[in-house]
Amino acid sequence: MNTCVTCGRELHPERAKKYDYCMSRECQEKNARPLTMVAVGVNKAAEQYMILDERTQEELASGKYHDQRRGLFGTSPASSPSPAPAPAKAPRAAGKARPRPAARTPARPPWSRSQEKLALLYNEQGLRPDEIAAKLGLSRYVVTQIILGARGRGKL
Ligand SMILES: [Zn+2]
(Lines give C-alpha, C1' and ligand atoms only; values in the text may rest on other atoms or scores of the structure.)
Protein backbone atom coordinates (compact mmCIF):
# COMPACT_ATOMS: atom_id res chain seq x y z
CA MET A 1 0.00 0.00 0.00
CA ASN A 2 1.35 3.41 -0.94
CA THR A 3 1.10 6.16 1.57
CA CYS A 4 1.80 9.88 1.53
CA VAL A 5 5.41 10.59 2.45
CA THR A 6 4.35 13.61 4.44
CA CYS A 7 1.26 12.64 6.40
CA GLY A 8 1.16 8.87 5.90
CA ARG A 9 -2.36 8.84 4.51
CA GLU A 10 -3.23 6.18 1.96
CA LEU A 11 -2.73 7.15 -1.65
CA HIS A 12 -5.14 6.25 -4.42
CA PRO A 13 -3.30 3.70 -6.62
CA GLU A 14 -3.66 5.91 -9.69
CA ARG A 15 -2.13 8.84 -7.88
CA ALA A 16 0.60 6.70 -6.38
CA LYS A 17 1.86 5.98 -9.89
CA LYS A 18 2.96 9.57 -10.26
CA TYR A 19 3.12 11.06 -6.79
CA ASP A 20 4.29 10.00 -3.41
CA TYR A 21 2.26 12.53 -1.51
CA CYS A 22 -1.46 13.05 -1.12
CA MET A 23 -3.71 15.82 -2.31
CA SER A 24 -4.12 17.66 0.94
CA ARG A 25 -3.05 21.26 0.73
CA GLU A 26 -0.29 20.95 3.28
CA CYS A 27 1.32 18.01 1.55
CA GLN A 28 1.02 19.64 -1.86
CA GLU A 29 2.82 22.71 -0.60
CA LYS A 30 5.53 20.67 1.02
CA ASN A 31 6.18 18.40 -1.92
CA ALA A 32 5.10 20.04 -5.16
CA ARG A 33 8.08 22.25 -5.68
CA PRO A 34 9.17 22.88 -9.24
CA LEU A 35 11.91 20.45 -10.05
CA THR A 36 14.23 22.05 -12.52
CA MET A 37 17.45 20.78 -11.05
CA VAL A 38 17.60 17.73 -8.89
CA ALA A 39 20.32 17.05 -6.44
CA VAL A 40 21.22 13.40 -6.52
CA GLY A 41 23.12 12.16 -3.55
CA VAL A 42 25.58 9.93 -5.27
CA ASN A 43 28.88 10.91 -3.79
CA LYS A 44 30.08 12.47 -0.60
CA ALA A 45 32.74 14.50 -2.34
CA ALA A 46 30.63 16.26 -4.89
CA GLU A 47 27.08 17.40 -5.17
CA GLN A 48 25.78 16.10 -8.43
CA TYR A 49 23.29 17.89 -10.55
CA MET A 50 21.82 16.28 -13.53
CA ILE A 51 20.04 17.75 -16.41
CA LEU A 52 16.42 16.94 -16.04
CA ASP A 53 15.36 15.63 -19.38
CA GLU A 54 12.15 13.80 -20.04
CA ARG A 55 13.63 10.40 -19.55
CA THR A 56 15.13 11.35 -16.24
CA GLN A 57 11.80 12.73 -15.11
CA GLU A 58 10.19 9.41 -15.87
CA GLU A 59 12.88 7.61 -13.98
CA LEU A 60 12.42 9.89 -11.02
CA ALA A 61 8.67 9.41 -11.16
CA SER A 62 9.10 5.67 -11.20
CA GLY A 63 11.25 5.85 -8.11
CA LYS A 64 14.51 4.84 -9.73
CA TYR A 65 16.37 7.44 -7.74
CA HIS A 66 16.21 7.78 -4.04
CA ASP A 67 13.86 10.59 -3.14
CA GLN A 68 15.66 12.50 -0.44
CA ARG A 69 12.41 13.87 0.90
CA ARG A 70 11.40 10.41 2.00
CA GLY A 71 14.36 10.21 4.30
CA LEU A 72 13.29 13.36 6.09
CA PHE A 73 10.05 11.87 7.25
CA GLY A 74 11.09 8.29 7.70
CA THR A 75 7.65 6.94 6.93
CA SER A 76 8.67 4.35 4.37
CA PRO A 77 12.08 2.86 5.07
CA ALA A 78 11.33 -0.16 2.90
CA SER A 79 10.97 1.99 -0.21
CA SER A 80 14.29 3.79 0.22
CA PRO A 81 16.73 1.25 -1.11
CA SER A 82 19.67 3.46 -1.93
CA PRO A 83 22.07 4.71 0.72
CA ALA A 84 22.08 8.35 -0.23
CA PRO A 85 23.16 10.65 2.55
CA ALA A 86 22.87 14.33 1.86
CA PRO A 87 26.14 15.37 0.28
CA ALA A 88 28.09 17.30 2.84
CA LYS A 89 30.27 20.21 1.95
CA ALA A 90 33.38 18.14 1.84
CA PRO A 91 36.65 19.34 0.41
CA ARG A 92 36.78 18.37 -3.20
CA ALA A 93 39.14 15.48 -3.43
CA ALA A 94 39.29 14.47 -7.03
CA GLY A 95 39.68 10.80 -7.59
CA LYS A 96 38.89 9.88 -4.03
CA ALA A 97 35.68 8.06 -4.71
CA ARG A 98 34.82 5.97 -1.76
CA PRO A 99 33.33 2.58 -2.50
CA ARG A 100 29.66 2.67 -1.67
CA PRO A 101 28.03 0.04 0.48
CA ALA A 102 26.98 -2.40 -2.21
CA ALA A 103 25.42 -5.16 -0.16
CA ARG A 104 21.92 -4.70 -1.53
CA THR A 105 22.90 -4.13 -5.16
CA PRO A 106 25.75 -6.53 -5.92
CA ALA A 107 25.10 -6.57 -9.67
CA ARG A 108 25.48 -2.82 -10.08
CA PRO A 109 28.71 -1.12 -11.03
CA PRO A 110 30.16 1.24 -8.42
CA TRP A 111 28.79 4.33 -10.11
CA SER A 112 25.29 5.66 -10.46
CA ARG A 113 23.29 6.02 -13.63
CA SER A 114 23.40 9.77 -13.31
CA GLN A 115 27.18 9.66 -13.02
CA GLU A 116 27.30 7.47 -16.08
CA LYS A 117 25.05 9.81 -18.04
CA LEU A 118 27.12 12.82 -17.11
CA ALA A 119 30.39 11.07 -17.80
CA LEU A 120 29.22 10.10 -21.27
CA LEU A 121 27.88 13.59 -21.88
CA TYR A 122 31.21 15.15 -20.92
CA ASN A 123 32.98 12.56 -23.01
CA GLU A 124 30.90 13.55 -26.02
CA GLN A 125 31.84 17.14 -25.35
CA GLY A 126 35.46 16.16 -25.66
CA LEU A 127 36.56 16.27 -22.03
CA ARG A 128 39.42 14.02 -21.04
CA PRO A 129 38.77 11.21 -18.56
CA ASP A 130 40.72 12.95 -15.82
CA GLU A 131 38.70 16.15 -16.33
CA ILE A 132 35.47 14.18 -16.18
CA ALA A 133 36.72 12.37 -13.09
CA ALA A 134 37.41 15.66 -11.34
CA LYS A 135 33.96 16.99 -12.20
CA LEU A 136 32.14 13.91 -10.98
CA GLY A 137 34.31 13.12 -7.98
CA LEU A 138 35.19 9.74 -9.45
CA SER A 139 38.52 8.18 -10.09
CA ARG A 140 39.89 8.34 -13.57
CA TYR A 141 39.82 4.57 -13.67
CA VAL A 142 36.09 4.50 -13.01
CA VAL A 143 35.45 7.12 -15.69
CA THR A 144 37.40 5.04 -18.17
CA GLN A 145 35.36 1.99 -17.17
CA ILE A 146 32.13 3.90 -17.79
CA ILE A 147 33.23 5.03 -21.23
CA LEU A 148 34.57 1.65 -22.23
CA GLY A 149 31.42 0.00 -20.94
CA ALA A 150 29.21 2.26 -23.04
CA ARG A 151 31.42 1.64 -26.05
CA GLY A 152 31.12 -2.09 -25.48
CA ARG A 153 27.35 -1.79 -25.53
CA GLY A 154 27.56 0.11 -28.78
CA LYS A 155 26.38 3.39 -27.35
CA LEU A 156 29.34 5.44 -28.54
ZN1 LIG B 1 -0.35 13.87 2.80
Side-chain angles (χ1 to χ4, degrees), residues 1-94 96-125 132-139 142-143 145-146 149-150 153 155:
M1 182 58 66
N2 293 292
T3 54
C4 171
V5 293
T6 300
C7 70
R9 215 173 298 174
E10 272 183 21
L11 288 178
H12 189 280
E14 283 301 313
R15 179 170 178 80
K17 281 182 191 167
K18 285 197 153 190
Y19 301 95
D20 56 9
Y21 54 93
C22 73
M23 293 179 72
S24 82
R25 183 153 184 203
E26 190 198 338
C27 299
Q28 299 259 340
E29 283 175 1
K30 274 189 181 162
N31 295 297
R33 294 193 195 98
L35 289 172
T36 47
M37 296 289 271
V38 178
V40 180
V42 288
N43 191 293
K44 286 197 168 76
E47 200 163 0
Q48 305 286 335
Y49 286 95
M50 48 197 230
I51 299 148
L52 200 62
D53 56 25
E54 276 183 17
R55 195 164 143 234
T56 310
Q57 273 180 330
E58 282 173 18
E59 287 173 357
L60 283 170
S62 68
K64 195 162 272 188
Y65 295 105
H66 174 63
D67 185 340
Q68 297 186 333
R69 289 172 308 200
R70 274 183 219 274
L72 295 177
F73 301 100
T75 50
S76 51
S79 61
S80 307
S82 97
K89 287 267 183 263
R92 283 177 192 267
K96 199 183 163 195
R98 256 167 282 188
R100 303 199 301 163
R104 272 173 286 188
T105 52
R108 289 208 38 161
W111 58 80
S112 71
R113 279 181 59 109
S114 61
Q115 284 175 317
E116 177 171 331
K117 272 173 116 167
L118 282 170
L120 296 176
L121 190 69
Y122 289 140
N123 181 59
E124 275 175 39
Q125 290 171 351
I132 299 170
K135 275 181 181 290
L136 297 182
L138 295 168
S139 73
V142 167
V143 170
Q145 292 297 302
I146 292 174
R153 295 194 304 273
K155 282 195 178 176

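We number each residue from 1, following the sequence as shown. Counting starts at 1 for both ligands and their atoms, following the listed order. All values derive from a computational prediction rather than experimental measurement.
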Checklist entry - Is a salt bridge present between R153 and E116, judged by a nitrogen-to-oxygen distance below 4.0 Å? => result yes
Next on the checklist: Minimum heavy-atom separation for M23 and Q28, please, with both atom names.
Outcome noted: CA-NE2, 3.2 Å
Item to check | Minimum-distance pair of heavy atoms, taken over all atoms of Q115 and L136 | outcome: O-CD1, 3.5 Å
Next on the checklist: Suppose the cut-off is 2.8 Å; which protein N/O/S atoms would you list for the Zn ion (ligand 1)?
Outcome noted: C4 SG, C7 SG, C22 SG, C27 SG
Next on the checklist: Would K30 pass as a cation-pi partner of Y21, given that its NZ or CZ must be under 6.0 Å from the six-membered ring centre and within 45 degrees of the axis?
Outcome noted: no
Item to check | Heavy-atom closest contact (R9 atom, S24 atom, distance) | outcome: NH1-CB, 4.0 Å
Checklist outcome for this item: Heavy-atom nearest pair, L120 first then A150, reads CD2-CB, 3.6 Å
